Amino acid sequence: MSEINILDDSFEPKAVHDHFMELTKLYHPSGEEDRVREYVVECLKKIEGAEYLFYERDAKDPGNRVIIFRRKGSGNYVSAPYITLQAHMDMVCSPDREIFPLKVFGYPDEESEKWIKAGDQESITDPGKGTTLGADDGIGVATILALLEDEKLKDYPFECYFTVQEETDMGGAAKFDPALLKGRTYINLDAEDVKTIIYGSAGGCSVRYDGNATLSPVPEGFINLKLSISGLCGGHSGININCGRLNAIKVVTDILIRLNNRLTNLDVKGEGIKSYDLRLVSLKRDEEAISNKIPSCASAIIALPEINKVEFENDFNAYCEALKVQSKPEENLVYSIQAVESTPNSLNEASTDALLCLLRQIPHGVIRMIPNVPNLVETSSNLADVSIQPGGMADLNVQPEVTIKASNRSSDKYSMDALVQIQKTIGKLFKYTVETGDSYPAWEPDVNSPLLDKAKTVYNKIYGEESLATVIHAGLECSYIVAKSEEIDCISIGPTIMNPHTGGERLQAATVEKFYGAVTDLIQSLF
């Protein structure tokens with residue numbers, strides 16, 4: 001596939017393109033958005049008719065790091081109420097934060113549809129060679145700036161709200177002063193399907209398991225091996241949770257249970273996969289442990305009798321090959337095993353087995369569908385991280401601390417409470433404490449929303465029967481806005497973004513212009 005010039009008319013309007021490309025040059029992971037904040041403010045200062053700008057350059061609290069800009073209406077709209085436009089300035093950085101400036105390119109797919117993505121050209125077919133693009137939600141930020149500059153809209157009253165830390169804890173939306181917002185018609189620009197209007201979203205909370213393990217000396221004749229799994233699809237832990245994608249932590253856990261002769265004692269003769277005397281030294285996620293991303297890579301270090309090394313490697317490889325055949329969405333799964341420096345101690349047999357069994361029992365994936373809307377997820381959980389500290393395993397008198405993190409979502413409070421109770425019960429069985437935190441509310445849908453009705457009219461005109469109004473199984477900042485402010489009428493819309501939060505993230509170029517046109521038509525229809 002040949003590279004195309006992303007400055008051509010496949011990525012319009014030009015103002016959106018230009019602002020977005022500037023954003024891809026700037027370092028802006030969650031909590032470290034200052035360079036984008038500065039860029040946004042410099043753009044806002046150039047807008048004629050500015051009435052108000054909230055910007056605290058050196059603020060540390062996320063609620064004070066938001067940016068709010070108002071331009072009063074003029075001409076026929078001098079007394080009209082504000083339309084509030086909102087987007088977040090941070091992005092998920094995958095595989096790590098050292099990806100800026102992003103290497104952005106455009107390409108046509110097999111059907112000549114043009115896409116924008118970041119990373120190496122090979123990432124078109126191998127997401128492991130790509131990076132996140134930051135269209136979530138750089139394209140929303142760029143769109144707002146372009147709307148403010150649009151001559152056709154210069155008389156319309158806009159209130160623009162730019163938030164921070166959406167991808168981690170929604171800190172900007174959670175902690176801002178609601179009195180700063182004057183508008184009551186609120187359009188969030190963080191959706192990911194150009195034909196879809198969102199009018200409700202799930203709430204969520206983080207879950208943390210804490211426990212201890214016991215060490216024992218590594219027996220004589222044992223060696224350490226490192227097992228790694230990578231290249232999985234990963235993806236958004238809300239939107240993609242029902243897509244059948246593997247969780248790398250669960251995969252490593254299942255491998256170690258299958259190859260552990262205390263847990264899977266199969267007396268196999270001939271060509272079958274056997275099981276072995278193994279003990280854990282470490283088990284971890286091999287990427288930033290972002291709670292709203294399904295783990296795509298993980299690894300473990302084990303202690304194993306050296307006499308079994310070759311057999312174990314062969315059985316590990318055979319298991320992974322079988323897994324690739326069984327898991328069609330994960331054809332890019334990569335596995336490896338290698339000898340590493342030996343440690344004097346490891347988790348003992350009981351602690352090894354208990355941790356593996358706990359990880360298997362911890363819920364991951366879809367828990368419940370919405371009963372009267374069976375194609376929509378109601379409740380889910382993402383097993384997001386595991387760590388064993390201290391990693392050196394040097395002191396037998398120190399009990400290593402084990403921490404496991406998960407992220408729950410639900411649009412139903414009672415189902416969320418039931419899930420948390422299950423998690424606490426599982427933790428109790430394994431003598432782990434389980435605590436919840438970092439919760440965010442659900443955005444309750446309003447089917448009688450005037451804004452939703454206007455948006456449906458606009459989208460039906462553009463897309464006909466292909467348009468869709470729905471609620472989603474993901475957290476949106478709208479939930480905080482609606483919860484904090486009275487009489488807010490809210491929807492969320494956006495262009496088409498595929499595989500956000502992964503190296504396969506891509507933006508459908510043609511949908512940017514369609515999205516911009518839809519936003520413009522919607523704004524004009526509101527007056």
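The analysis underlying the following values was restricted to heavy atoms, covering all of them including side chains, and did not include hydrogens, waters or symmetry mates. Only a predicted model underlies this, so the values are computations on that prediction, with no experimental measurement involved. Residue numbers start at 1 and run along the sequence shown.
- Of the N and O atoms on the side chains of S237 and N292, not one donor lies less than 3.5 Å from an acceptor on the other residue.
- Ion pairing between D18 and K14 holds under the 4.0 Å rule for side-chain N and carboxylate O.
- Counting only N and O atoms by type, the side chains of S415 and D412 include a donor and acceptor under 3.5 Å apart.
- With sequence neighbours excluded, no residue forms a salt bridge (Lys or Arg N to Asp or Glu O under 4.0 Å) with D169.
- Proximity of Q508 to M498: side-chain heavy atoms (C-beta onward) are nowhere separated by under 4.5 Å.
- Remark: the N408 side chain and the Q423 side chain contain an N/O donor-acceptor pair separated by less than 3.5 Å.
- A donor atom on one side chain and an acceptor atom on the other are not found under 3.5 Å apart for D489 and T185.
- Annotation: K250, atom NZ; neighbour count of heavy atoms from other residues, nucleotides and ligands within 6.0 Å is above 12.
- Checked for salt-bridge contact, D150 and K152 meet the test: a charged N lies under 4.0 Å from a carboxylate O.
- Of the N and O atoms on the side chains of R71 and Y52, not one donor lies less than 3.5 Å from an acceptor on the other residue.
- Between K293 and E287 there is a salt bridge, since a side-chain N of the basic residue sits under 4.0 Å from a carboxylate O of the acidic one.
- Residues in residues 498-527 take part in these ring-ring contact (aromatic ring centres under 6.0 Å, His included) pairs, two or more places apart or across chains: Y77-F527, Y156-F527, H236-H501.
- Applying the ring-ring contact (aromatic ring centres under 6.0 Å, His included) test to pairs two or more places apart or on separate chains, those with a residue in residues 161-188 are Y161-F176.
- Within the cation-pi definition used here (under 6.0 Å to the ring centroid, within 45° of the axis), R35 does not qualify as a partner of Y27.
- For R184, there are no salt bridge (Lys or Arg N to Asp or Glu O under 4.0 Å) partners at least two apart in sequence or on another chain.
- Checked for salt-bridge contact, R37 and D34 meet the test: a charged N lies under 4.0 Å from a carboxylate O.
- In this structure, D521 has no side-chain hydrogen bond (donor to acceptor under 3.5 Å, both in side chains) partners at least two apart in sequence or on a different chain.
- H88 and Q165 share no donor-acceptor pair across their side chains, judged by distance under 3.5 Å alone.
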Exercise for review: Could you please spell out the steps behind the side chain to side chain donor-acceptor pair (under 3.5 Å) verdict for S299 and D286?
Suggested key: CA-CA 7 Å; S299 64; D286 289 330; 2.9 Å; yes
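- We find the CD1-OG1 distance between I481 and T84 to be 9.0 Å, quoted to the nearest 0.5 Å.
- A salt bridge between E330 and R245 is absent, with no side-chain N of the basic residue lying under 4.0 Å from a carboxylate O of the acidic one.
- In plain terms, the two heavy atoms of D446 and L452 that are nearest each other are O-CD2, 3.8 Å.
- The environment of CD in E401 is sparse: at most 12 heavy-atom neighbours from other residues, nucleotides or ligands sit within 6.0 Å.
- In terms of heavy-atom proximity, T502 sits nearest to T132 at O-CG2, 3.4 Å.
- Between the side chains of H28 and D90, no donor-acceptor pair of N or O atoms lies under 3.5 Å.
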**Study point:** side chain to side chain donor-acceptor pair (under 3.5 Å) between Y55 and R65, worked out
**Key:** CA-CA 7 Å; Y55 171 60; R65 297 181 67 243; over 6 Å; no
Point to revise | Stepwise salt bridge (charged side-chain N to carboxylate O under 4.0 Å, His left out) test for E51 and K72 | key: CA-CA 6 Å; E51 180 188 13; K72 193 173 182 180; 5.2 Å; no
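- When all heavy atoms of G503 and K117 are compared, the pair lying nearest together is O-NZ, 3.1 Å.
- For the pair V458/K454, no side-chain contact is recorded, criterion being any heavy-atom separation below 4.5 Å from C-beta on.
- Contact annotation: the side chain of S206 never approaches that of S291 to less than 4.5 Å [non-hydrogen atoms, C-beta and beyond].
- The shortest heavy-atom contact between S30 and T168 is CB-CG2, 3.4 Å.
- Pairs of residues two or more places apart, or lying in two chains, never qualify as ring-ring contact (aromatic ring centres under 6.0 Å, His included) while including a residue from residues 474-495.
- Between S327 and the options V251, L333, L246, a side-chain contact (heavy atoms from CB on, under 4.5 Å) holds for only L246.
- No donor-acceptor contact under 3.5 angstrom links the side chains of D190 and S492, judged on distance only.
- One finds a salt bridge joining E288 and R97 here, because a Lys/Arg side-chain nitrogen approaches an Asp/Glu carboxylate oxygen to under 4.0 Å.
- Within a 6.0 Å radius of NZ in K484, more than 12 heavy atoms belonging to other residues, nucleotides or ligands are found.
- Side-chain atoms of H473 and S380 include a donor-acceptor pair closer than 3.5 Å.
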Exercise for review: Evaluate salt bridge (charged side-chain N to carboxylate O under 4.0 Å, His left out) for E435 paired with R208, printing each intermediate quantity in order.
Suggested key: CA-CA 5 Å; E435 301 292 339; R208 175 172 170 145; over 6 Å; no
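- In this structure, the side chains of C490 and W443 come closer than 4.5 Å at one or more pairs of heavy atoms.
- Here the closest heavy-atom approach between residue N188 and residue L476 is recorded as OD1-CD2, 4.4 Å.
- If you check the side chains of T163 and Q86, you find a donor sitting under 3.5 Å from an acceptor.
- Side-chain contact annotation: T379 with S410, donor-acceptor N/O pair under 3.5 Å present.
- For Y209 and Y432, the gap between ring centers reaches or exceeds 6.0 Å.
- Using a 4.5 Å heavy-atom threshold, the side chains of V36 and L23 count as touching.
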